[in-house]
Number of protein chains: 2
Amino acid sequence: MAAGGAGDPAPGPLDSVLRPVRAGNGFEEALEQVLQLLRLGLVPPGERLPSERELSQHLRISRVTLREVLKVLQDQNMVESRRGRYGGTFVLPRTAAPDGSGELRRRIAAVDVEDTLRFREVLEAGAAGLCAEGLTADGEDRLRGALDATQGARLEDYRRQDTLLHLTLAELSGSRTLAAQYAAVRATLNELLDGIPLLVRNLEHSQQQHAAVVEAVLDRDPDAAREMMREHCGGTAALLRGFLA
Amino acid sequence: MAAGGAGDPAPGPLDSVLRPVRAGNGFEEALEQVLQLLRLGLVPPGERLPSERELSQHLRISRVTLREVLKVLQDQNMVESRRGRYGGTFVLPRTAAPDGSGELRRRIAAVDVEDTLRFREVLEAGAAGLCAEGLTADGEDRLRGALDATQGARLEDYRRQDTLLHLTLAELSGSRTLAAQYAAVRATLNELLDGIPLLVRNLEHSQQQHAAVVEAVLDRDPDAAREMMREHCGGTAALLRGFLA
DNA sequence: GGCTTAAGGTATGACAGGGAACCATTGCTT
DNA sequence: AAGCAATGGTTCCCTGTCATACCTTAAGCC
């Protein structure tokens, strides 16, 4: 029947469901998630990762396997381990040339950019809308805080604060799944963004849009929030499509 | 530090990323996906699943492990295996009482309904919008076909055709990730919907909304498509919240 | 009837990954 | 100076999973 032979089996309408159960040899998945942690800037340079015991519990992998992951990151000069009490695994500042030869470099070529950009826009707009529909007083505070942090951020820290703001919105959406998916797609996005220059002009424009989105959310105007957010995402998307096309 | 002790480690702001790498012991993940296949109605009752060898390749698990999965489904009277040429694993019609004691029953209690409903709405609205923005001629045909199939469906087959229509929209969005995520969330949704009655009145209303969404998409009107779809999802959500609250 | 073919059913050996215990190092507290 | 506590570093064994090959059943074809 189906013509398939080498490589993957023949495609079909069941592909949305019949995707591989595990993306890689299991340790790769863990690597992926720790990389997310770094790319999202959830643990900024200089700070300490959770201890190996904690991390392995969270990720539900053995400490042995986690250590193999950390070994890779050490070899890439992305983290550094110190022993003893108050030791731990510390994040190093990004080196200009991440690595020519390797492992981590080729991943970027495998990213389906169009998929990433579209999915991102859907999640962001959705999250903004949900936030505008039902936001707690506590949520308002967190959101304002995150926005303020981006306003005051220096250029080198901007990407990180921007990520944090969007992540906050996703978390306040009230859907844990949405937040988790956004984290994943945002990590991919940041990786792509690392390849293109950060212009002050774009940054300023971006900041205006951030303010508009947050305002719409605080005004409890879901339609406006979604619309603003879509526009915001569209800007980034156009930028990336331009640089990568 | 954190007060956690038994069970999961202490929560924190990193939880969006630090989720478990594997949802279960690996065989559970496969079970999950085969269950999706059945719940989505991608393989309707009476039909044959792909052969064990094919399925295991798609899911990237060994045949041994896959057979353990199928064993569970056989024990639940959800599928039936026949040997010999033109044999295979066949889907059985849903039994009224799925199973009192077991394994599969308790999963439903673990579902975060609010999460599911919100995430679903975001994905559906997003997919509808993306479709309306860029739909190929081929896509138009598939969409019309799926809509027609729901119009002609009998009551017992309605849920399945409905699922297929929405799944088609998700696939036509141009984001594979979106389609895969929608498949997952829809499988969960169907499981919830199985617990409540299907009223003809709701069904007719639903059909009007389907037509409206498809029309908006074919008119290339993203805003209308999103709005219609949100309304459509809102209906289901209200129904479920009412029955499960 | 006998062969071929495609499917499920079974058995075996290798290995990755997990759990748990233990060692080594460091800095704080006494 | 001694002890304690929290961390990274290491080892051992065991279970789950995989790959492979082979057996069994049943439908079609010669």
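Per chain, numbering begins at 1; letters A, B, ... match sequence-line order. Note that these values count all heavy atoms, side chains included, but never hydrogens, waters or copies made by symmetry.
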Atom pair distance, as rounded to whole Å: [atom1] in [X] and [atom2] in [N]:
{"X": "A:F27", "N": "C:dC15", "atom1": "CZ", "atom2": "P", "value": "19 Å"}
{"X": "A:K71", "N": "D:dG9", "atom1": "NZ", "atom2": "P", "value": "11 Å"}
{"X": "A:L59", "N": "C:dG17", "atom1": "CG", "atom2": "P", "value": "14 Å"}
{"X": "A:L55", "N": "C:dG18", "atom1": "CG", "atom2": "P", "value": "14 Å"}
{"X": "B:E52", "N": "C:dT10", "atom1": "CD", "atom2": "P", "value": "10 Å"}
{"X": "A:F90", "N": "D:dA6", "atom1": "CZ", "atom2": "P", "value": "15 Å"}
{"X": "B:L70", "N": "C:dA7", "atom1": "CG", "atom2": "C1'", "value": "13 Å"}
{"X": "B:Q57", "N": "D:dT20", "atom1": "CD", "atom2": "C1'", "value": "13 Å"}

| Pairing residues for A:E52 by the side-chain hydrogen bond (donor to acceptor under 3.5 Å, both in side chains) criterion, not counting sequence neighbours | A:R63, A:R67

| task | Would you please name every residue forming a side-chain hydrogen bond (donor to acceptor under 3.5 Å, both in side chains) with B:T177, sequence neighbours left out? | result |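 B:T177: side-chain hydrogen bond (donor to acceptor under 3.5 Å, both in side chains) contacts with A:D115.
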
Between [N] and [X], is there an OP1 or OP2 to side-chain N/O distance shorter than 4.0 Å?
{"X": "A:T65", "N": "C:dA16", "answer": "no"}
{"X": "A:S81", "N": "D:dT7", "answer": "no"}
{"X": "A:R67", "N": "D:dG9", "answer": "yes"}

| request: Go through the structure and list residues passing side chain to side chain contact (heavy atoms under 4.5 Å, CB included) with B:L38, not counting sequence neighbours. | output: B:L49, B:L73, B:M78, B:V79, B:V91

| message | If the condition is side chain to side chain contact (heavy atoms under 4.5 Å, CB included), which residues does A:A30 pass it with, not counting sequence neighbours? | response |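 Only A:I61, A:V69, B:V21 meet the side chain to side chain contact (heavy atoms under 4.5 Å, CB included) criterion with A:A30.
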
| Closest to the B:S51 side chain: C:dA11, D:dT7, C:dG8? |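 From the listed options, C:dG8 comes nearest.
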
| note | Scoring nucleotides 21-30 of chain D by protein non-hydrogen atoms under 4.0 Å (B base, S sugar-phosphate only, - none) yields -B-BBBBS--

| Do the charged groups of A:E171 and A:R142 touch, with an N to O distance under 4.0 Å? |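 Here A:E171 pairs with A:R142 in a salt bridge, since their nearest N and O are under 4.0 Å apart.
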
| message | For A:D75, is there an ion pair with A:K71 - N to carboxylate O distance below 4.0 angstrom? | response | yes

| said: Strictly by ring pair (Phe, Tyr, Trp, His ring centres under 6.0 Å), give each pair with a member in residues 137-180 of chain B just once, sequence neighbours left out. | reply: B:H166-B:H210, B:H166-B:H232

| task | Would you kindly compare A:V64 and A:R82 by the position of their nearest DNA chain D nucleotide and give the one closer to the 5′ end? | result | A:R82

